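FYI, the numbering just counts along the sequence from 1. All figures in this text were calculated on a predicted structure; none of them were measured in a lab.
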Amino acid sequence: MKLPYGLADFTALIREGYVYLDRTRHLADLEDLGRSLLFVRPRRFGKSLWLRTLAAYYDLATADQHQALFGNLVAGREPTPLAHRFFVLIWNFSEIEPRGSAEAVSERLNSYLNTLFRIFLDNYRDHLPAIDLEPNATDTFRRILDAIRRTPYRLYLLIDEYDNFANELVVADEPGYQDLVRTDGPFKALMKSVKSATEGQGLDRLFVTGVSPVVMSDLSSGMNMLRDVYLEPALASLCGFRESEIEDLLQRIHTAQIAPTWSIDEALDVVRTWYNGYRFALDSDEQVYNPTMSLYFLDHLARHGAYPRQLLDANLATDEDKLRHLGELATGRQTLLDIVQHDRSIEIPELASRFRLGELSDETRPDRLVSFLYYFGMLTLEGTTDYLSLRLSVPNLVARKLYLDRIRDLLLPAPIDGSAADDAVRRLQRDGDIEPLLSFVETKIFPVLSNRDYRFVNELAVKTILLTLLFNDLAYQVASEPELHRGYADLLLLRRPDSRDTGLFDLLFEIKYLKLSDLGQTGEQLRGNTDVDILPRVHEALDDAEAQARRYAGTLIERSSDLKLRVFAVVALGFERLVARQVEV
């Protein structure tokens, strides 16, 4: 079985026998939705492969290959009337380096388009006359359209990653981005010519993909004819894998291997935990897996018979850059903290589909930043409230890890502190000794919270700190507030199925918080008290946490006999002291 990890060429995928999860029934959906469509999904979600599928299906030059390419797919059995009725042209803006002056970018864009036009004319030389390229690629485009209008066919233009230049520049060079989309900038001028071409000038169909619709606000006069279809229920699973498809692939991989040492159910649980959770339409309950991340896992499992060491694919490094940039904004920093601390859905009136990138720092419009995180796959639709506002939540552990990495940067700005934190965490995970970690939080983290203008929620701050420090995707699956015994444990670290022979402990925490005012002591008094655990209020809180933790641990033990469990009741005394009690189970 050949898995197409990193492969976005539909024709090569079919001809060379790679696995293809058929989405061609959606061709009819797109035809019904309109002639000029905008479809956005997070990065690495299969948009480019879908564009290449459209190209192969509608290209008049592939009519004689229809059976070979689509014979085993829905589009082969039920072709639409528009199959192979177009000249097809693909623009991929990720191939254009966006940095430098607007003039330099304009020259690269012009050269790129004229190169594509030269190839286009060569590919269709049997249908179109010879056309000399103009110095200005937009003029070349007009000449090609004029020639197309004299044929029985029309043009289908596919634009991939239309917002790539914005995604690149928003972190490194926002003034450069503004130059590119100003009224006389190269991209806005190009998009105006595209819009004109849709008005009876030979461009009959237009399909545009990107990560978000945000840039359309800056290109609105050039592309306001596009219809947003990314929230259409019919297209909810157009890009992404269904769980049943993942399970089928795991079955096939398992069957193909000799004496596999891994379990299908456990592997499915790992994939579900790390990559699932994306919902792209409110009127659809269907959630889909990130396809590239899923294929990363499945391909490694198929080739090596084991899980990949890193469950977070390095292809998401650019998403880390976006979060790092947002973390530098006051509004962004607090939003990241709120998302992880509350571990609950975030509510906004509606997804913002048209706004300028500069509005991300507007404290009066939090929906801008939350919408931006949704489009980049860092939040996903969960549902609606009783007041019909939207609820969004973190979709999976991949996204949660990216958030936690940024919060760790905020809490541990000095590299030496990070090293000390890792040493304390290893003592806990390897030896079951929690005291070094408690000491580190007291001496290194609590002072940061006192000196920084972060709006930490007291009851949740300690869980956030521990979650940030303990998160270890190499050895653990980490769950914040998993449902256990008709309740929700605060923090649970279970060893990955492939890490159970490491000698590490599974860890369960139940956490309580006491205000200094509840204790009747100052921070200075608490710091000097070596017997804080015998204070009546502290002792009572430890007893409550222990009772809850013991119930949760009992449920875990009933579910699995393969646990090496350490359970802790933890009580925070303001942002001054931490005390813990190991719970015997």
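In this structure, R279 contributes its side chain and S284 its backbone to a donor-acceptor pair below 3.5 Å. Distance alone, capped at 3.5 Å, places no donor-acceptor pair between the S94 side chain and the N164 backbone. In this structure a side-chain-to-backbone donor-acceptor pair under 3.5 Å is missing from S389 to T385. Put simply, the side chain of D506 gets close to the backbone of R495: a donor and an acceptor are under 3.5 Å apart. Remark: the backbone N or O of S439 is paired with a side-chain donor or acceptor of T443 at under 3.5 angstrom. Looking only at distances, no side-chain donor or acceptor of D367 sits under 3.5 Å from a matching main-chain atom of I348. Put simply, the side chain of S371 gets close to the backbone of A352: a donor and an acceptor are under 3.5 Å apart.
The shortest side-chain heavy-atom distance between W50 and T209 does not fall under the 4.5 Å cut-off. Counting heavy atoms from C-beta on, the side chains of P497 and W262 never come closer than 4.5 Å. Within the 4.5 Å cutoff, no side-chain heavy atoms of L397 are placed close to those of D473. Side-chain contact between L491 and L470 is present, with heavy atoms from C-beta onward closer than 4.5 Å. F509 has its side chain within reach of L493: a pair of non-hydrogen atoms, C-beta onward, lies under 4.5 Å apart. Considering only heavy atoms from C-beta on, I246 stays 4.5 Å or farther from D248 through its side chain. Within the 4.5 Å cutoff, no side-chain heavy atoms of W274 are placed close to those of M293. Two residues are said to be in side-chain contact when any heavy atoms from C-beta on lie closer than 4.5 Å; V370 and L379 meet this criterion.
Distance CG/D501 to NZ/K564: 11.0 Å, rounded to 0.5 Å.
For Q287 and Y278, the side-chain atoms include no donor-acceptor pair closer than 3.5 Å.
Among V288, L381, L231, the single residue meeting the side-chain contact (heavy atoms from CB on, under 4.5 Å) criterion with F280 is V288. Checked options L507, V583, D433, L508; the residue passing with R566 is L507 (criterion: side-chain contact (heavy atoms from CB on, under 4.5 Å)).
For the pair R41 and Y230, the cation-pi test (distance below 6.0 Å, angle within 45°) is failed.
When the shell of 6.0 Å around NZ of K512 is examined, it contains more than 12 heavy atoms from other residues, nucleotides or ligands.
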